[in-house]
Amino acid sequence: MPNHAAIIRAREPRDLGRTMNVTITIPERLVTACHTNSERRDWLTRLPGIVENLRSIWSLQLGSPFDTPDVSAAWVAPALRQDGSRAVLKVGMPHMEAESEIEGLRFWAGEPTVSLLEENEQCGAMLLERCEPGTALRREAESRQDVVICELLRRLWRTPSNPHSFRALQVMTRYWSEETRRNSARWPDQGLIREGLNLLQQLSRPEPDDVLLATDLHAGNVLAAEREPWLVIDPKPFIGDRAYDATQHLLNCKQRLLRAPHKTVARIAGLLELDAERVRLWLFARVAAEPRDTWDAESIRLARMLS
């Protein structure tokens, strides 16, 4: 996929009103993602100045941004620090689900996520530990992915001490549900989707044993590293039900789910020591009722198999 070379006269934060011409390469996937609303389009216009400002403040040499299907909601590039150490610069686009990423990385403190080296919350920017060799877990067989993902999730599940600012999972499910309802004219199966929406509301009610979730942990967000065999990147933290966190990996194993949905759910639930029925309900709710551009026939078929 081609890159979009942005040459934008951008006003940098903290530059006391200066403007400057900055050229950076922006992957086309990120450009496309930013065209969905005006806030993101404005952020894209400011992105070159933000990157240049961070490069200067943190004394970085930057390489070309990563351009893979898993990198579509942030500008992410390899960086060399002044002391010669290798890192990654990440500047996230405005994204409701990712608003607490910096706080989450602080909380987990590299156990088992990448370490947060520097941060700028105003810009949604992070300087992160570089995973070497950085191979994604998705290159492993799905049976191996199952084991690694479940081991990582069980390490991530902890309860933050009060006070904290992490949002409840219910905040995200309500946000999704509102978007889905706005598009009710396009629903292919009214009863199925309404059932999914009801479950999203019921399952996300806060409970005393809720923990901090990654919410987006799949094999593309786990990289091979030196400090540990595998490290988590790109967490989207919310406080909620552990069973929810089983679903993202399952959704990334869609063909296996279509062949044997209940067997696949039972395997992941067993590795996580969770109630398989609870995982099934969450998975059905997500497949049936999460917002999307189209409810394709394959997703509807899977939802019916899980119902």
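These numbers were taken from a predicted model, which means no experiment stands behind them.
Residue pairs meeting the ring pair (Phe, Tyr, Trp, His ring centres under 6.0 Å) criterion with at least one partner in residues 124-162, sequence neighbours excluded, are absent. For residues 202-212, the side-chain hydrogen bond (donor to acceptor under 3.5 Å, both in side chains) pairs, not counting sequence neighbours, are T173-S204. Annotation: ring pair (Phe, Tyr, Trp, His ring centres under 6.0 Å) contacts involving residues 239-284, sequence neighbours excluded, comprise Y244-W282. Listed by first and then second residue, the salt bridge (charged side-chain N to carboxylate O under 4.0 Å, His left out) pairs that reach into residues 83-111 are R86-E132, K90-E101, K90-D234, E99-R167, R106-E119, R106-E121, E111-R155, sequence neighbours excluded. Within the structure, salt bridge (charged side-chain N to carboxylate O under 4.0 Å, His left out) pairs that include any residue of residues 172-182 do not occur (at least two apart or interchain). Residue pairs meeting the ring pair (Phe, Tyr, Trp, His ring centres under 6.0 Å) criterion with at least one member in residues 37-77: none, sequence neighbours excluded.
For F238, the ring-ring contact (aromatic ring centres under 6.0 Å, His included) test picks out no residue, with sequence neighbours left out. Under the side chain to side chain contact (heavy atoms under 4.5 Å, CB included) criterion, Q190 pairs with W187, R194, sequence neighbours left out. Applying the salt bridge (Lys or Arg N to Asp or Glu O under 4.0 Å) rule to R278 yields the partners D241; only residues at least two apart in sequence or on another chain are considered. For Q61, the side chain to side chain contact (heavy atoms under 4.5 Å, CB included) partners at least two apart in sequence or on another chain are L80. Applying the side chain to side chain contact (heavy atoms under 4.5 Å, CB included) criterion to S161, with sequence neighbours excluded, gives no partner residue.
Closest of all the heavy-atom pairs between L200 and A285 is CD2-CB, 3.8 Å.
At a threshold of 4.5 Å between side-chain heavy atoms, the hydrophobic network of Ile, Leu, Val, Met, Phe, Trp and Tyr places L47 and L60 in one connected group.
Annotation: side chain of L89 is in contact with side chain of L54 (closest heavy-atom distance under 4.5 Å).
By the neighbour-count criterion of 12 heavy atoms within 6.0 Å, atom CG of N37 is densely surrounded, having more than that number from other residues, nucleotides or ligands.
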From CA spacing to verdict: side chain to side chain donor-acceptor pair (under 3.5 Å), T36, R40: CA-CA 7 Å; T36 58; R40 291 178 181 178; 3.2 Å; yes
Worked verdict on S299 versus D296 for side chain to side chain donor-acceptor pair (under 3.5 Å): CA-CA 6 Å; S299 293; D296 60 277; 2.9 Å; yes
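A salt bridge is defined here as a Lys NZ or Arg NE, NH1 or NH2 lying under 4.0 Å from an Asp or Glu carboxylate O, and D146 with R256 meets this definition.
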Identify every side-chain donor-acceptor pair in residues 300-307 under 3.5 Å, counting partners at least two apart or on other chains, and give the distances.
{"residue": "R304", "atom": "NE", "partner": "D189", "partner atom": "OD2", "Å": "3.4"}
{"residue": "R304", "atom": "NH2", "partner": "D189", "partner atom": "OD2", "Å": "2.8"}
{"residue": "S307", "atom": "OG", "partner": "R304", "partner atom": "O", "Å": "2.9"}

